[in-house]
Amino acid sequence: MLLVDLDPQAALSASLAPPQAKPSNTVYQVLLSQAPLGQAIRPGDNGPDLVPADLDLAAAELELSAEMGRERILADALAPVSQRYDFILIDCPPSLGLLTVNALVAAGEVLIPLQCEYMAMRGLGSLLRTIEKVKAKLNPALAVAGILITMYNGRTLHGQEVMDEVRRAFGEKVLKSVVKASVRFKEAPAAGLSIIDYSPSHEGARAYQALARELTG
């Protein structure tokens, strides 16, 4: 599996990559055609390979705005390595800018994590409309794998109401798997581990394992 960190906040990179000097090549260099994607891959010791990001990525949207075919840069960069991996997961920024559009053009399916709060739910319709536009104009094969409810707190009325409303509004697009809020999700990145490696018996780890089974049939 290959993970591509396309978020300028680089939380994925910080969570999984051990502390070290700044890598010479990141996804920023790849997008600006300064290095092939293969040179930016950081092999995983016991987990997935990673194409890291850093704060330089925040400038990429502006720098790429005048490029021809700017929406397809990531897809073209991934093509030479795509056969090496069973799955390539792209972590997108929480915005609908050029970086996210690049991810949607490169992807076959979109998994939408939805924090179980009212304000997060408000932006879901806009995202789905963007996905439909990308599908119509740039990537006809794009599909929504599902909406994953995360950070769910069933002890609060707000959490229950939001989950019920999401299921009413989006029906079968909402996955059966639900990830509950837990402090373990904050502890795992600090240890440089996934939740499954950090606490394999925790209900959060079991929820993501259930998600994997649900997505792969």
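This chain uses plain numbering: 1 for the first residue, then up along the sequence.
Nearest heavy atoms, Ala77 versus Val30: CB-CG1, 3.6 Å. Closest of all the heavy-atom pairs between Gly146 and Leu175 is CA-CG, 3.9 Å. Of all non-hydrogen atoms in Tyr152 and Gly159, the two that sit nearest each other are CE1-O, 3.5 Å. In this structure, Gln160 and Gly154 approach most closely via the heavy-atom pair NE2-O, 2.6 Å. Shortest non-hydrogen contact noted between Tyr118 and His158 is N-NE2, 3.3 Å. Closest non-hydrogen pair, Arg206 versus Pro200, comes out as CG-O, 4.5 Å.
Proximity of Val179 to Tyr208: side-chain heavy atoms (C-beta onward) are separated by under 4.5 Å at one or more points. Within the 4.5 Å cutoff, no side-chain heavy atoms of Leu3 are placed close to those of Asp49. Here the side chains of Leu114 and Val174 are not in contact, with every heavy-atom distance at 4.5 Å or above. Side chains of Glu109 and Val144 form no contact here, defined as non-hydrogen atoms less than 4.5 Å apart. Contact of the Leu89 side chain with the Leu2 side chain is not registered, since no non-hydrogen atoms from C-beta on lie closer than 4.5 Å. Leu99 is not listed as a side-chain neighbour of Asp7, based on a closest heavy-atom distance of 4.5 Å or more. By the 4.5 Å heavy-atom criterion applied to side chains, Val105 and Leu142 are not counted as neighbours. A heavy-atom distance below 4.5 Å is not found between the side chains of Val4 and Asp91.
A side-chain donor-acceptor contact under 3.5 Å links Glu214 and Ser177.
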Check your understanding: How far apart are the C-alpha atoms of Leu78 and Tyr85, what are their side-chain angles, what is the distance that settles it, and do they pass the side chain to side chain contact (heavy atoms under 4.5 Å, CB included) test?
Key -> CA-CA 11 Å; Leu78 285 169; Tyr85 298 97; over 6 Å; no

Practice item. Evaluate the criterion side chain to side chain donor-acceptor pair (under 3.5 Å) for residue pair Glu63 and Tyr28; output intermediate values, then yes/no. Key: CA-CA 10 Å; Glu63 296 181 57; Tyr28 172 77; 2.7 Å; yes

Exercise for review: Go through the steps for Asn153 and Thr156 under the test side chain to side chain donor-acceptor pair (under 3.5 Å), then give the verdict.
Suggested key: CA-CA 6 Å; Asn153 187 347; Thr156 67; 4.7 Å; no

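The line from CZ of Arg155 to NZ of Lys180 is 9.0 Å long, rounded to the nearest 0.5 Å. The distance from the CG atom of Asp5 to the CD1 atom of Ile90 is 11.0 Å, given to the nearest 0.5 Å. Taking CD from Gln34 and CG from Asn25, the interatomic distance works out to 8.5 Å, rounded to the nearest 0.5 Å. Rounding to the nearest 0.5 Å places CZ of Arg42 at 9.5 Å from OG1 of Thr26. Here the straight-line distance linking atom SG of Cys116 with atom CE of Met121 works out to 9.0 Å at 0.5 Å rounding. We find the CG-NZ distance between Leu128 and Lys135 to be 11.5 Å, quoted to the nearest 0.5 Å.
The main-chain N or O of Phe185 is never found under 3.5 Å from a side-chain atom of Ser182 such that the two would form a donor-acceptor pair. Of the possible polar contacts, one joining the Ser15 side chain to the Ala11 backbone as a donor-acceptor pair under 3.5 Å is found. Remark: the backbone N or O of Leu98 is paired with a side-chain donor or acceptor of Asn102 at under 3.5 angstrom. Of the possible donor and acceptor atoms, none in the side chain of Arg70 sits under 3.5 Å from a partner among the backbone N and O of Glu61. The closest donor-acceptor contact from the side chain of Gln29 to the backbone of Ala40 lies at 3.5 Å or more, if one exists at all.
With Leu37 as the partner, the side chain to side chain contact (heavy atoms under 4.5 Å, CB included) test is satisfied by one option alone out of Leu31, Asp76, Val81: Val81.
The neighbour count for Gln9 CD, taken as heavy atoms of other residues, nucleotides or ligands under 6.0 Å away, does not exceed 12.
Clustering ILVMFWY residues whenever any of their side-chain heavy atoms sit less than 4.5 angstrom apart, transitively, puts Val162 in a cluster other than the one holding Met151.
Ionic pairing of Glu187 and Arg184 is present here: one or more N-O contacts between side-chain nitrogen and carboxylate oxygen are shorter than 4.0 angstrom. With salt bridges taken as basic N to acidic carboxylate O contacts below 4.0 Å, one links Glu165 and Arg168.
Every side chain to side chain contact (heavy atoms under 4.5 Å, CB included) that Thr100 has, sequence neighbours left out, goes to Cys92, Pro93, Ser95, Leu96, Leu104.
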